Structure formats: C-alpha cells, structure tokens
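Here's the structure we're looking at; comments come further down.
In what follows, every chain begins at residue 1, and chains take the letters A, B, ... in the order their sequences are listed. Please read all numbers here as calculations on a predicted model, not as lab measurements.
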Amino acid sequence: MCGALRPSDAGKKVVLMGWVNRRRDLGSIIFVDLRDRTGVTQVVFNRELNAAVHDKAEDLRNEFVIAAIGTVKKRDADTINPNIPTGEVELVTEELRILNVSKQLPFLPSDTVLANEEMRLKYRYIDLRRDAMQFNIELRHKVALAIRDNLASQGFFEIETPFMTRSTPEGARDYLVPSRVQPGSFYALPQSPQLFKQILMISGFDKYFQIVRCFRDEDLRADRQPEFTQIDLEMSYPQPERVWEVVEGFLTAAFKAAGHEIKTPFPRMDYDDAIRQYGIDKPDLRLPAFTDVRDCFTPADLEQLAINKDLPVIAIRTPGVGELSRKERDDIKPLFVSKGGARVFEDFKRIENKFAEAGAKVRQKTGAAADDLLVLVVGSAQAGKTPGRDDHPAAKRKVTPAELAIYASAGILRVALAQKYADRHGIFQKSGDPGKDFRFLWVTNFPMFEYDEADRRWVAAHHPFTSPHDEDMDKLESDPAMVRALAYDVVLNGTELGSGSVRIHRQDIQRKIFHALGMTEEEARSRFGFFLEALEYGTPPHGGIALGLDRIVMILAGADSLREVIPFPKTAAAKDLMVEAPTPVAEGQLRELGIGVVVKK
RNA sequence: GGGGACGUAGUUCAGUUGGUUAGAACGCUGCCCUGUCACGGCAGAGGCCGCGGGUUCGAGUCCCGUCGUCCCCGCCA
C-alpha cells in the first residue's frame with residue numbers, strides 16, 4: 001500500500017495502485033505522489049532509466065488511477081522528505097498502467113484550502129478522498145468496533161429491531177413510509193428502538209445492544225442530522241449505577257481506540273445543581289461554574305441597579321479574555337437570550353466604578369483574575385413577581401421557574417462567551433491530557449415532568465416509560481412537579497452524548513404516568529396497547545441508555561459538525577446534494593400507494 | 001415558523017463612493033526544465049457576477065423578491 005513502504009523494503013519489487021495526488025514534472029524526471037487510503041508514496045519516472053515509461057508518465061494528471069510497478073529505492077540523504085512517513089523511500093517505476101483517467105475535478109483532495117460545503121456534499125466521493133475525511137471515517141470504524149467488542153465482552157447481544165415500525169405521536173416528528181398493501185396506512189421509521197428494546201427485556205434477552213440508525217424529522221443543527229446512529233442498550237435488573245458502569249466501560253474502550261486513556265467513574269451531578277451552577281442540563285465542565293453574587297450587593301445597590309432582589313445574581317466568569325473595547329462589550333449584548341425578564345450587565349467595569357465595594361466583593365467571590373471577563377445576569381426588578389408567579393405548577397421546585405429563567409439565560413451566555421473568545425482563553429484547545437480534554441459527567445435526578453406552557457399540561461421530560469424515583473411514587477398524582485425520574489444523561493464537554501433511564505416495569509405505574517400526562521385509558525391503549533399488554537406478562541425491572549455515536553466520533557475527531565464524521569450527510573434543509581434526495585415520485589407510484597399530494601403554495 | 005451570514009473564473013477569494021476592457025491565487029492547456037516533494041520558469045484559455053424584477057444615463061455594487069449553503073432560536077419524548 002502507498003503508506004506502508006519503509007527503508008527496510010528497499011530492493012523489493014512492488015506494485016502500487018492509487019490516485020495521482022500531485023505530480024512534479026521536471027522534464028526528464030517526473031515525480032508523482034501516489035495516494036491511497038494508507039498514505040502517499042513518491043513514484044519516480046526517469047527518462048534516463050526508462051524512456052518508454054517516462055513518456056507515458058507525461059500524460060498523468062491529477063486523480064488518474066494508476067498502477068506503478070517497480071523497485072523500492074532508499075532515497076539519497078539529501079532527497080529525504082521528513083514530512084511524510086514514506087519520505088525515506090521512493091518507487092522507481094519500471095512499468096506504468098493507467099487504470100482510469102479523470103477529467104478536471106471541481107476541487108482536488110490535495111487542495112490546501114477547503115471547498116465550500118455545498119461543493120463537498122455534491123461531490124462527496126471526491127471530498128471523502130481527502131486525508132481528513134479518510135481519517136474520520138476510519139476513526140468512526142475503530143470506535144464502533146471497539147464498542148461492539150466491549151459490549152459483547154460485557155455479555156450483551158447485538159439484536160436488530162425493525163426500521164419499518166409504528167408511528168408514535170409523542171416526541172419528534174416521524175418519517176413515514178406508506179404501505180402499498182395497506183393503502184392509507186403508514187409505517188414510521190424509528191426515532192429510537194425504545195419499545196422494541198424494552199420488549200426484548202420482556203423476552204428474556206437480558207442484555208441487548210445495537211449500533212442502530214434512528215430517524216427524526218426535526219430541523220437540523222451542526223450536531224443534529226435527520227438520520228443518526230445510536231449506541232442503544234438495555235439490561236434487566238439494573239440500578240442506574242450498573243448502566244453507568246457499562247457505559248463507562250465501552251466509552252473507555254472507544255476512547256482507547258482513538259488513542260485516549262480516560263478515567264472512570266465519571267463525576268455525577270444532580271439536575272438541580274447543574275442548573276444552579278451552569279444554567280443548563282449539559283454543563284461544559286471545562287469552563288468555570290457560575291457564582292451567585294447576590295450577597296455582594298447591599299439592598300440599596302440592588303434597588304439602584306433595578307435588580308430583582310429575590311432572584312439570583314449570576315456572575316459569569318470567562319477566563320483570560322482580557323480588556324474589552326467599547327465595541328466588543330456591545331457585541332456581547334446580541335449573544336444574550338433573555339428568558340423570563342433576565343437582564344445582562346455586560347460592562348462590569350461600570351458597576352465597579354459606581355459600586356466599588358460590591359465590585360470588589362464580586363471579584364473576590366468569583367476568584368476572577370485581572371484578565372478574566374465578568375458579566376452579570378440578573379432578574380429584572382420591574383418584572384416583580386410575574387416570572388416567579390407562585391401559582392405556577394412548578395413553583396415549589398428547588399429551582400423555581402423564575403430562577404430557572406435567570407439560570408438558563410446565563411447558561412446560554414456562558415457558553416456563547418466562551419465560544420466567542422475561544423482563541424483568547426484556549427480552554428477548548430486539546431492539551432493532550434484526557435482528564436482536561438474530555439470532561440465527562442453524569443447528570444441525574446431529572447424532574448419527571450416538564451410543564452408545557454402552551455398546552456398547559458405536564459409532559460414527560462425524558463419519555464413516558466421512565467420510572468419515577470421510588471420515594472416520589474406517591475406524588476405522581478398529588479404533586480407531579482416534585483417527582484424525580486430515574487433518568488440520567490451522559491455529558492461530554494457540554495454535549496449531551498446520551499440519555500437513559502430505569503424503565504417502568506409495572507403496568508399500574510405505567511397507567512398512572514399516562515394519567516399524569518393527561519392521557520385517557522383509551523388513548524394509551526390505542527397508542528401503546530401492545531406494550532401495555534406485554535407489561536402484564538411478567539416483565540423484569542429493566543433500564544438502559546442510548547448514546548449518539550456520531551457525536552462521540554465528532555468530538556474525538558475534533559470536528560464542529562456531524563457532517564465531518566458521516567460519509568453521506570444531509571444539509572440543513574435535510575437534502576442529500578449528491579443523490580439529490582428527496583425527490584417527487586411518479587404519479588403511478590403514488591396511485592399505487594393511494595396517496596394524493598397537495599403542494600402548499 | 002423566526003433571526004443572521006454568505007453566493008463573482010473549475011475552486012478559494014478580492015472588487016473602493018454606482019462609472020472605461022471584472023482581478024489574484026490555485027487548478028486547467030501548451031512549451032522549457034534530471035532531485036522535486038505546496039517544484040520552478042514562460043505563454044495561454046477560462047465569467048449569465050446564483051436567478052427574476054426594479055431604481056438609474058449607467059448596477060457585480062443600491063432596492064424588492066426568489067433559490068441555494070451555513071450558523072442560531074423555536075423544535076428535537
């Protein structure tokens with residue numbers, strides 16, 4: 001292979017096949033860098049040594065596919081290229097076969113500047129020839145293989161579940177597949193194999209896993225594709241801690257496959273603490289936590305600044321940003337997304353000038369160094385009681401809705417600031433120390449329900465098959481706001497890698513949950529009848545989790561987008577630019593399916 | 001559904017206040033070159049300035065619409 005030859009191979013007669021990555025025609029001598037999956041080797045065509053082959057080599061162009069047959073030669077000391085692994089050898093060609101030619105390409109795999117994404121996606125086969133993409137796809141393969149091996153060694157069976165299944169109206173929108181045999185009826189592609197894996201537990205396959213495609217018809221983001229791959233697993237009789245061990249086990253194997261030794265167990269944090277310290281349920285631990293500096297101000301200070309004295313005063317510290325200009329401070333404002341009347345003080349200097357004592361206390365409490373950026377997020381005084389209204393169904397929670405609004409606003413700003421000034425603080429740069437580069441975290445004890453303000457009802461925070469905490473069972477009907485779920489997320493560097501829970505295995509509790517969600521017995525039966533029935537035939541306690549393989553590989557590859565680790569991804573409008581999907585289909589095809597299309601104007 | 005950025009040669013980009021023939025680099029074509037490795041040198045080809053409308057004596061440049069790509073909010077149990 002093109003990346004394999006070393007000085008010890010000198011004298012061997014070999015055949016190299018690959019693409020012309022670059023050619024350097026010096027007249028009587030032509031050098032070609034021949035490329036395949038494994039790397040690049042310099043191939044030499046010398047007129048003096050072999051005029052016929054040299055003649056033929058003059059026709060070579062970028063991305064021609066060739067076979068070069070010749071003898072491996074150790075390079076003279078002054079012609080060694082230290083920049084490539086094969087730089088000490090070259091192939092002296094005795095026979096050249098042009099296996100295929102190439103017309104001029106829209107861009108070259110060897111280009112130093114990247115083509116824009118539209119080009120890359122349209123000509124994906126060329127883009128995938130690039131080193132970086134070859135590396136990422138290989139990395140993905142190695143990681144997936146390591147996870148399979150590890151889970152198999154932990155006693156899990158890989159079991160497939162259907163792609164054509166039943167639509168479940170809860171959750172994300174389904175991708176639908178019409179049935180020809182049952183006109184007017186549709187399969188749905190699975191958002192996850194959730195119910196099937198629970199059924200497998202009921203069937204006695206007490207450790208299941210699958211590296212499986214999932215489909216969600218929702219709007220895309222850099223870290224969201226309409227089809228994505230989950231490492232899905234489920235086990236019988238587990239405590240949450242047992243699931244965490246399994247995950248920590250295969251993640252250790254996966255990261256090892258990528259060359260990183262991570263430490264387990266991962267730290268754990270209650271959902272409430274995550275919100276109070278980071279304003280988000282997927283904290284990036286590489287950055288400093290919030291400091292509540294409300295007590296640094298006197299009541300008079302707060303009044304003068306029109307700060308709500310009943311709500312937290314959050315100091316966000318972003319290290320090493322340095323002095324900001326007037327304009328730079330103004331640029332902070334658009335980063336701020338205000339929820340429930342939250343306000344931002346982006347100019348901490350001004351507070352220090354006017355309220356010297358409070359300013360000093362804040363600096364002390366946050367431990368801010370001179371070149372750290374301090375920004376305050378507070379509740380607005382005018383808003384008064386409105387955002388915290390005591391009659392809100394969740395008002396009794398440890399973190400009230402009014403406080404949550406402040407924390408959440410600050411949480412978004414904290415991450416936005418860190419991203420904006422990433423090159424100044426360098427915290428996101430890889431240090432080579434896995435303990436610093438990969439900050440894992442288990443977030444636990446999520447609330448069971450979230451209140452949907454628009455529909456004025458409770459909805460499942462995780463999914464409706466999640467078991468409540470044993471201690472909170474009795475509050476299911478009396479006080480749903482205070483029920484905690486046996487649910488957990490695994491978070492890495494502020495990215496949610498996966499989410500799981502211990503499930504409900506008793507039919508009576510499942511019925512109570514549906515009831516709390518405002519679902520009647522009939523509705524529950526019609527949606528999940530088969531599943532509710534299955535629960536009645538001897539269901540073992542069970543639980544599991546699903547992790548996004550794409551996201552794991554993305555982080556390992558140091559990429560900013562899932563598209564860098566998925567060979568054939570879709571655009572933000574869910575299109576595949578290479579095959580040009582989706583497309584309209586022929587009228588006859590639709591007729592056979594009994595489908596009429598109404599195009600919205 | 002909403003907000004923002006971008007769209008000029010095969011590619012990546014520049015293009016001043018609206019003003020003559022729209023530039024550069026890489027790639028491409030031809031010629032020269034025996035040790036290059038992002039080879040070098042000379043010559044050359046290559047443009048519906050995304051598309052449609054408008055303002056103007058005059059539009060790559062201003063306005064409106066539209067399409068495409070990217071990022072974010074909503075959404076993603």
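Counting non-hydrogen atoms under 4.0 angstrom, Asn116(A) reaches the backbone sugars and phosphates but no base. Nucleic acid contact class of Lys339(A) (heavy atoms, under 4.0 Å, all strands): sugar-phosphate only. Counting any heavy atom pair closer than 4.0 Å across all strands shown, Arg75(A) reaches a base atom. At a threshold of 4.0 angstrom between heavy atoms, the contacts of Glu63(A) with the nucleic acid are absent. Nucleic acid contact for Ser192(A): base, since at least one base atom lies under 4.0 Å from a heavy atom of the residue. Within 4.0 Å of Glu450(A), counting heavy atoms only, lies no atom of the nucleic acid at all. Residue Thr112(A) is classed as a base contact, given a heavy-atom separation below 4.0 Å to a base. Leu220(A) comes within 4.0 angstrom of nothing in the nucleic acid, heavy atoms only. At the heavy-atom level, Arg61(A) lies under 4.0 Å from the strands shown only through sugar-phosphate atoms.
Between the side chains of Tyr488(A) and Asn445(A), not a single donor N or O lies within less than 3.5 Å of an accepting N or O. Side-chain contact annotation: Gln42(A) with Asn81(A), donor-acceptor N/O pair under 3.5 Å absent. Between Gln134(A) and Arg130(A), the side chains place no donor N or O within less than 3.5 Å of an acceptor N or O (distance only, hydrogens not considered).
Of the C1' atoms belonging to U11(B) and G27(B), the separation is 7 Å, rounded to the nearest Å. Rounded to the nearest Å, the gap between the P atom of G68(B) and that of U29(B) is 35 Å. Annotation: C26(B) and C62(B) have their C1' atoms spaced 33 Å apart (nearest Å). Distance noted for atom C1' between C31(B) and G47(B): 27 Å (whole Å).
Phosphate contact (OP1/OP2 of G74(B), side-chain N/O of Arg173(A), threshold under 4.0 Å): absent.
Pair assignment for U21(B) gives none, since no Watson-Crick or G-U wobble pairing has each distance under 3.5 Å. Look at G47(B): it lacks any Watson-Crick or wobble partner with both distances under 3.5 angstrom. Nucleotide C31(B) forms a pair with G41(B), judged by Watson-Crick or G-U wobble geometry with both contacts under 3.5 Å.
Residue-to-nucleotide contacts include no donor-acceptor pair under 3.5 Å from the side chain of Glu117(A) to the base of G68(B).
Between the side chain of Arg551(A) and the backbone N or O of Glu496(A) there is at least one donor-acceptor pair closer than 3.5 Å.
In this structure, of G10(B), C39(B), U69(B), it is C39(B) that holds the atom nearest to the side chain of Arg22(A).
An aromatic stack links Phe31(A) and the base of U36(B), using centre distance under 5.5 Å and interplanar angle under 30°.
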